[in-house]
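Scroll down for the structure; my scribbles are underneath it.
Chain letters run A, B, ... following the sequence lines, proteins first, then strands; residues in each count from 1.
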Amino acid sequence: MSAMEKLNGKVWKFGDDISTDHIAPGRLFHLRTNLPEMAKHVLEDADPEFASKMSVGDFVVGARNFGLGSSREHAPRIIKLAGVSAVLAKSFARIFFRNAINVGLPVLECDTDQIDQGDELEVDLGAGVVKDVTKGIELTFTPLPPAMVKILTDGGLVDHYKKHGRIAVDDV
Amino acid sequence: MGLTLSEKILTKKNKGARAGEIVIVEVDVAAAQDGTGPLSIEQIEELGGKVANPAKTIFFIDHAAPSPRSELSNAHQTIRAFAAASGAQLSDINEGIIHQRLVESFVSPGDVVVGADSHTCMSGGLGAFATGMGSTDIAIAMVSGKTWMKIPETFRIVVGGEFQQGVGAKDLILYLIGKIGADGATYKALEFGGEAVLNMDLPDRLTIANMTVEAGAKAGLFPSDEKTRRFLASLGREADWQELRADPDAEYERVYEIDLSALEPMVAAPPTVDNTKTAAEAAGVELDQVFIGSCTNGRIEELRVAAKILRGREKHAGVRLIVTPASRQVYIQAAKEGLLEDLVEAGAIITGPGCGVCVGVHGGILGDGEVCLGTSNRNFQGRMGNPKAEVYLGSPATAAASALAGKIVDPREI
Ligand code: SF4
């Protein structure tokens, strides 16, 4: 994705502590090698209707500690595969955050308390601004650390590695 | 200023770096399991299919072991074929759970360990810097032999006093997670010290390190000392031991003090691990299933505790009791000591060593509305295979005592 990209979509709001078990449950373990199929169940245990009702471009908006739990990278991958343009939350669990960047899913830390289910958002990744069009408010999100910006703009960690022939985040 | 354990280990080749700085570190051990490994392999293949250090690149087939479905059997084939082609190590379905296997055979004090599994932090009990990552990070670590990370700031946990009868390491870590919160240590390392930690045997250190990720931590570390040396010696690996401790003047972001003499048996109520109560407060919750096992609490010492409580008695008729030794070594030892017999006589079913029950992949999946008390490390909605069921977490003693009672009890009551 381009760092300057602008994203538009509707909000799907979730609460605190959305775990990777909510996003990609263990009972769907056999689908881990079939991610398009697993993506049809994304976030099923937090909202069984999410996958069928969301539209491509929509946002997943959580609250505290989004993505806690297992290291399964399938979680951010199926969120991305389902067509979600970014995940916004007040805070993220560490492994999920790193995985999301590695697979090219934008994760934005901002005060999501003011954002509600169904709101229309415009996100300007380059400017670091989230506009809640429904509410007519603007929020700023915490900029990513430069190392992660580099990985994200290179297209994820594998492309980063291919491009530089090494992990090249020590000079940012 | 002195160095924390994390700083010591992560700056072996980055002299002078300190907490907060980003470093590229050489990886001593890189691991993945059957849930995360296939995705790593896909990316390693994309990068040419070679691994930098085959002897210390290990794939564990444990989450679906033995495989309950053809899709998973096929994923296992992928792993076996890749291990054969790349020279990477394979720990197949009979060997046991990734983290137990890592400490038994692969990790040494002072190592940098990365694993495509969040509880990789368990190896920190041996005095390694061990952290969980996703499949892509692990693929790059396997291919390049390196990874990047920010050296974490450290919370020091100073533990004093002695465990009371019926109270143990699991109660301590549950108590601590309740105190810090499920995200209270995000990005931080937890480093354990104090007189009680120096007296603590390795199995207890491993239980504690295992669950540090449940407070959000990147790693949980213990010093490598005489206890560590003896543990490695018992595995025939004394040569892998080195002494390692934080400098006395290391800088900690925060210090917590815990007095074991005041600690009670704890449980974590659904749906988050920081939702802790004393076992006495949760007493009376009716159970359909009790699970004793997982990388947190499936070691021989923990099976001994459970067997001692269950020996000569019968589990409550209303509960299913499932016991999973953490590894083949543990299984053999439990058989030799007669523990398996004690447990089966008490009404338990013993599974092969693996993850299936803990992670809700197969074996022991809960029905709608059912309640389980497990010695595992997560109680999230859906964790044991059914989002309409509930999971409580407790110690092996609490689990065994509760299996007798058919409901949660304080193990000191039995
Ligand atoms: S026993 Fe449970 S927590 Fe441990 S590695 Fe297996 S699935 Fe993960």
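- Of all heavy-atom pairs between N377(B) and C358(B), the closest is OD1-SG, 4.4 Å.
- The candidate from V158(A), D170(A), T20(A), V103(A) with the greatest count of non-hydrogen atom pairs under 4.5 Å with chain B is V158(A).
- Atom-to-atom distance recorded for N53(B):CG and K146(B):NZ is 11.5 Å, nearest 0.5 angstrom.
- The residue among S135(B), A75(B), A116(B) with the most heavy atom pairs within less than 4.5 Å of chain A is S135(B).
- Between Q33(B) and D62(B), the side chains place no donor N or O within less than 3.5 Å of an acceptor N or O (distance only, hydrogens not considered).
- The closest donor-acceptor contact from the side chain of N379(B) to the backbone of A269(B) lies under 3.5 Å.
- Listed options S144(B), G216(B), G382(B) were ranked by heavy-atom pairs under 4.5 angstrom with chain A; first place goes to S144(B).
- A salt bridge links E214(B) with R378(B): the distance from a Lys NZ or Arg NE/NH1/NH2 to an Asp or Glu carboxylate oxygen falls below 4.0 Å.
- Using a 4.5 Å cut-off between heavy atoms, A217(B) contacts chain A through its backbone alone, with no side-chain atom that close.
- Ranked by non-hydrogen atom pairs under 4.5 Å with chain A, the options I22(B), V359(B), I24(B) are led by I24(B).
- Taking the six-membered ring where the residue is Trp, F66(A) and F92(A) present perpendicular rings, their angle passing 60° and hence far from 30°.
- Proximity to chain B (any heavy atom under 4.5 Å) is restricted, for I151(A), to the side chain, taken from C-beta onward.
- Among D137(B), L47(B), V361(B), the residue with the largest count of heavy-atom pairs under 4.5 Å with chain A is D137(B).
- In terms of heavy-atom proximity, L88(A) sits nearest to C110(A) at CD2-SG, 3.9 Å.
- Using a 3.5 Å distance cut-off with no hydrogens or angles, the side chains of T136(B) and N102(A) do not pair a donor with an acceptor.
- Using modelled atom types, no side-chain atom of T36(B) and backbone atom of R72(A) make a donor-acceptor pair closer than 3.5 Å.
- Within a 6.0 Å sphere centred on NZ of K135(A), heavy atoms belonging to other residues, nucleotides or ligands number more than 12.
- F380(B) touches chain A through its side chain: at least one heavy atom from C-beta onward sits under 4.5 Å away, while N, CA, C and O do not.
- Within a 6.0 Å sphere centred on NZ of K388(B), heavy atoms belonging to other residues, nucleotides or ligands number 12 at most.
- For the 3.5 Å distance criterion, the side chains of S71(A) and S118(B) fail to qualify, holding no donor opposite an acceptor.
- For residues 32-59 of chain A, heavy-atom neighbours of chain B at less than 4.5 Å comprise R32(A), T33(A), D45(A), sorted by residue number.
- For chain B, the option among G69(A), A93(A), S19(A) with the highest count of heavy-atom pairs below 4.5 Å is G69(A).
- Among G385(B), S70(B), P38(B), G35(B), the residue with the largest count of heavy-atom pairs under 4.5 Å with chain A is G35(B).
- In terms of heavy-atom pairs under 4.5 Å with chain B, the best-connected choice from R98(A), H22(A), R64(A), H74(A) is R98(A).
- Counting heavy-atom pairs under 4.5 Å between each of E21(B), K150(B), E46(B) and chain A puts E46(B) at the top.
- If you measure heavy-atom distances from I95(A) to chain B, the contacts under 4.5 Å come from the side chain alone.
- The pair D111(A)-K90(A) fails the salt-bridge criterion, with no side-chain N (NZ, NE, NH1 or NH2) lying under 4.0 Å from an Asp/Glu carboxylate O.
- With a 4.5 Å cut-off on non-hydrogen atoms, Y161(A) touches chain B through its side chain but not through its backbone.
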